[in-house]
Amino acid sequence: MIVIPKGDFKHRYYNREFAIPGRPPETKDFPPVSQTGPELRPEYFPGENLIRYGLDPMNWNGAVLLGRYGGCFGVAVGYFFDGRLIDDERFYEEVRGIGRYDPDGRYACVETNEIRIEWAKNGDDELIGKVTAKADITAKVRALTPLHGGARMFSEYAISGNELRGESVYTAVIAGTTVINGGHSPHTGRYLIACDPKMGKEYFRLCQTGTSCQPQQDDKNGVYYLKPLTAGEALYFSAFIGSESIYAREARDAGSCEAVVREAESVYCSRTTLRGKGALAKHAQNILNQQLSMSIYYPYLKQILICAGRPWHLEGNYSVAGWDESFSGLIVSYYDLPELTKNQLLATHGDERMGLIAIWNAYVKDKDKETLRRHFEAYKTVYPSDNTDLIYGYNDVGKGMDDTPMREVWSGKGDLYSLDMSCYKIAGFEVLYRAAKELGLDEDAAKYKEGLETLKKKFNEMFWNEEKGLYMNRYVCDLSWPQTISPTSFYPLFVGVADGDKAERLIKVLLDPKKFWGKYVIPTLSRDDPEYGKESRIIHHGRTKPFPPYCYWRGAIWPPSNYLVFMGLQRYGFDEIMAEFAEKNVNLWDIELELHGGTCENYYPETGLRTLMSHKHQSWSPLIPLTGVTVMLDADMWNDYDSISFGTVAPGEHEVTDMKIRGDRYSVSVNDTETVLRRNGRVIFTARGGKCAFHNYRTDPADGVEFDVNAKSPLEITAEHRGKTVSTSVPAGRTHVKF
């Protein structure tokens, strides 16, 4: 419980406007400090201690200790190796592989080639660190002021004997109000409030255990330990946050620290969450670990969110880009983390591309109507039901694809109708229609359904090129066709507008190795395009930036476009292509992960390696291996009834366990002769005879079991329904079954 002391205190108010998506209007300093502002209230303080590794965007090698009264402290581990200090930004590039990360922050680990750091939270006021040297190094354990840059936290450190100690005044945050306006989400009325020291302070203590070393101080209020370690040697430390009473706590010895770390790791390993086995789903746990390791604390939202990528926040601007974070909301919705999923998607309000798609993907699994209503009311202003115009304009063709040739600026013909943004608009209308139905808003549902049908009709008339068998952008001036094609030509599959034989004709283009198919898929420009793999230049914030071959969007493979095309294959039930696509995706992700430990922003289409313009670690990277999980098991997004799809025609043995869908935990295991579906640990469905994939699987107390099956050979199927076992035979091919 937070109690605000009584007395005549002075406070410094820092007000700041902040807009998302896009970069914030201020990234360096606050407007002038004011001595007046809102009345201080208990809810403006954190209310409880927040102790977790990796929450500071500048220090992936560190942890944040945020006190219940807003005191903010940090501890980070760097090291000297081969004449270099590996710390801060350098540490980011050295991170190798995906460490473990417990969803509640109790345990985490991160590694480079030379060091392994483990973090364990003990209670609500202590953090244990273990540093294990993998080579001869000198470890540097330092206290720091985290969440710096725009947030301006107020921490000071000093040396006391053999300990590092810190103090911070009470610091409150008013998160402000979020309002969608023209595709942006301004947060207004935001305040950071630094309180008079007389009001109160919070305290920090960092103790190194084992062989002692003398703490040191630099000229910037930095305090640290230096400790030489030989390969295999470990260093332990403990950090506390709270009142002055923490100074009286007994410091831990190495054995006690090791016990806390191992207990925290044990809890992590025993946690029930989505996991996988086999070539397709082997990265199921890595996906979650990567997402959680990309999470940072946003002081002005007072929330932990998964950021787009740490380098975007090195100035401490804490911006929310939009579709980057929406993709992360989609990813974590598979892992039974409802609060993180909800906060992630509420923070991206205004994202007119992936926002609603990610929201609906989460809703079909959690059925959270209260949150869905908040999304519906917000996004009605983004996509009003009476606006059924297709989208056009230079910046809306290949939106977000910096140097894509799709805009064909050399043609002199001006603007094009945007294939990708019109697809996102159709998806938005469909989600708002389905959301209105779920919420019982019949009038809104009718309007969005009518608008959706109008949009689909206009879309097919405008974008379908009958001669090429392809959806394409189109010039506004004379409705002629451009020459450039990219993966956006396949986006109409995920929004379900490809009627008649259009879907089959699209697949022929997708599978053409001269255009998009190959060992690694899919490039962001057709392989036979004259601009494929070429260098480029763009004007960015007034400066001309040269891009090396394939970069950014001249052939490089990007996880977002890969996943959107995969969603289209999933919607149309192209099981064989989905299986091959997923295998290629997992193989692609393995290359950089195994060679350099990277979970990259984008990849070269010919080698599968990280491009020269790619961040080494990007939050949307796991979209690539996520296809290997969802090809095996997923909730159906676009049905009018609650159903799931499961099984795969991919060769080999694969397994996905504990995917939570509408309150139940589903697991599926497949081999070359059998597919087994479990619900809450109990077998409810078995198919024997060969490889098969099931879609639209649902059970109804009155109607029984119903599904569509794609069987590579005849099957014998048994299913449990209302406590009874029922059986049927299914021929090879595609069959609709109801029994």
Side-chain angles (χ1 to χ4, degrees), residues 20-21 178 180 183 185 274 287-288 290-292 294-295 303-309 320-380 382-383 399-400 420-421 423-435 438 491 494-496 558-568 570-571 618-627 629-630 634-638 659-662:
I20 56 175
T178 305
I180 291 182
S185 302
L274 172 63
I287 291 170
L288 179 60
Q290 193 267 7
Q291 288 290 278
L292 295 176
M294 299 298 288
S295 58
Q303 290 176 352
I304 297 172
L305 296 179
I306 300 166
C307 67
V320 179
W323 80 321
D324 310 65
E325 292 83 4
S326 292
F327 277 119
S328 286
L330 182 149
I331 293 168
V332 296
S333 71
Y334 285 92
Y335 288 88
D336 190 22
L337 297 171
E339 196 64 22
L340 176 58
T341 301
K342 179 177 72 173
N343 290 340
Q344 188 79 15
L345 295 177
L346 287 172
T348 64
H349 271 173
D351 171 22
E352 56 194 345
R353 289 179 284 174
M354 277 305 299
L356 283 165
I357 299 168
I359 287 163
W360 192 248
N361 186 283
Y363 178 74
V364 296
K365 293 192 286 293
D366 65 21
K367 291 291 182 177
D368 180 357
K369 288 192 176 183
E370 179 183 349
T371 302
L372 181 66
R373 189 178 298 276
R374 293 177 65 183
H375 290 309
F376 180 80
E377 293 300 326
Y379 275 95
K380 283 198 304 182
V382 177
Y383 287 124
K399 187 159 188 175
D420 55 308
M421 287 305 296
C423 282
Y424 290 126
K425 184 171 183 176
I426 289 175
F429 266 60
E430 180 165 9
V431 171
L432 291 169
Y433 156 62
R434 292 180 178 277
E438 288 286 301
Y491 286 9
F494 85 76
V495 295
W558 285 73
S561 52
N562 256 22
Y563 196 77
L564 290 169
V565 174
F566 178 82
M567 288 178 72
Q570 195 175 39
R571 184 163 190 172
Q618 186 83 2
S619 63
W620 63 32
S621 188
L623 290 167
I624 289 181
L626 183 63
T627 60
V629 174
T630 57
D634 205 355
D636 293 324
M637 281 184 64
W638 306 115
M659 182 183 292
K660 192 171 183 181
I661 303 174
R662 296 182 286 274

Residues Tyr379, Asp351; criterion side-chain contact (heavy atoms from CB on, under 4.5 Å); working and verdict: CA-CA 9 Å; Tyr379 275 95; Asp351 171 22; 4.2 Å; yes
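- Taking each heavy atom of Met294 and Ser619 in turn, the nearest pair found is CE-N, 3.9 Å.
- Take Ala635 and apply the side-chain contact (heavy atoms from CB on, under 4.5 Å) test, not counting sequence neighbours, and it matches Val364, Lys365, Ile661, Arg662.
- In this structure Arg373 satisfies the side-chain contact (heavy atoms from CB on, under 4.5 Å) test together with Leu439, Leu441, sequence neighbours excluded.
- Remark: Glu438 engages Trp360, Tyr363, Lys367, Lys369, Leu372 in a side-chain contact (heavy atoms from CB on, under 4.5 Å) (not counting sequence neighbours).
- You'll find the side chain of Arg571 stays beyond 4.5 Å of the side chain of Met637, heavy atoms only.
- Side-chain atoms of Phe566 and Leu623, non-hydrogen and from C-beta on, never get closer than 4.5 Å to each other.
- Judged purely by distance below 3.5 Å, without hydrogens or angles, the side chains of Asp368 and Thr371 pair a donor atom with an acceptor atom.
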Assess the residue pair Leu288 and Leu274 against the criterion (side-chain contact (heavy atoms from CB on, under 4.5 Å)); give the C-alpha distance rounded to whole Å, side-chain angles, the decisive distance to 0.1 Å, and a yes or no. CA-CA 9 Å; Leu288 179 60; Leu274 172 63; over 6 Å; no
Assess whether side-chain contact (heavy atoms from CB on, under 4.5 Å) is satisfied between Glu430 and Val495, documenting all intermediate values. CA-CA 8 Å; Glu430 180 165 9; Val495 295; 5.5 Å; no
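- Note that CD1 of Ile359 and CG of Leu432 are 8.5 Å apart. Values are rounded to the nearest 0.5 Å.
- Applying the salt bridge (Lys or Arg N to Asp or Glu O under 4.0 Å) rule to pairs touching residues 328-340 yields Asp336-Lys660, Asp336-Arg665, Glu339-Lys342, sequence neighbours excluded.
- No more than 12 heavy atoms of other residues, nucleotides or ligands shown are found within 6.0 angstrom of CZ on Arg374.
- Taking OG of Ser326 as the start and CH2 of Trp620 as the end, the distance is 11.0 Å to the nearest 0.5 Å.
- Between Ile357 and Met567 there is a side-chain heavy-atom pair separated by less than 4.5 Å.
- For Ala362, the side-chain contact (heavy atoms from CB on, under 4.5 Å) partners two or more places apart in sequence, or in a different chain, are Ser333, Thr341, Leu345, Asp366.
- With a 4.5 Å cut-off on side-chain heavy atoms, Ile331 and Ile306 do not count as touching.
- What you find for Gly428 and Leu356 is that their closest heavy atoms are CA-CD1, 3.6 Å.
- Evaluation of the side chain to side chain donor-acceptor pair (under 3.5 Å) rule for Thr627 yields Asn585 as partners, not counting sequence neighbours.
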Assess the residue pair Leu340 and Gln291 against the criterion (side-chain contact (heavy atoms from CB on, under 4.5 Å)); give the C-alpha distance rounded to whole Å, side-chain angles, the decisive distance to 0.1 Å, and a yes or no. CA-CA 11 Å; Leu340 176 58; Gln291 288 290 278; over 6 Å; no
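- Partners of Tyr334 according to the side chain to side chain donor-acceptor pair (under 3.5 Å) rule, which considers only residues two or more places apart in sequence or in another chain, are Asn361, Asp634.
- For Gln618, the side chain to side chain donor-acceptor pair (under 3.5 Å) test picks out no residue, with sequence neighbours left out.
- Listed by chain and residue number, nothing satisfies the ring pair (Phe, Tyr, Trp, His ring centres under 6.0 Å) test with Tyr563 (two or more places apart in sequence, or in another chain).
- Considering every non-hydrogen atom in both Ser328 and Gln344, the closest pair reads CB-NE2, 3.7 Å.
- Residues Tyr424 and Met354 come closest through the heavy atom pair CE2-SD, 4.4 Å.
- The side chain to side chain donor-acceptor pair (under 3.5 Å) check on Arg353 picks up nothing, with sequence neighbours excluded.
- A donor-acceptor pair under 3.5 Å links the side-chain atoms of Glu325 to the main chain of Gly322, judged by distance alone.
- For Tyr491, the ring pair (Phe, Tyr, Trp, His ring centres under 6.0 Å) partners two or more places apart in sequence, or in a different chain, are Phe494.
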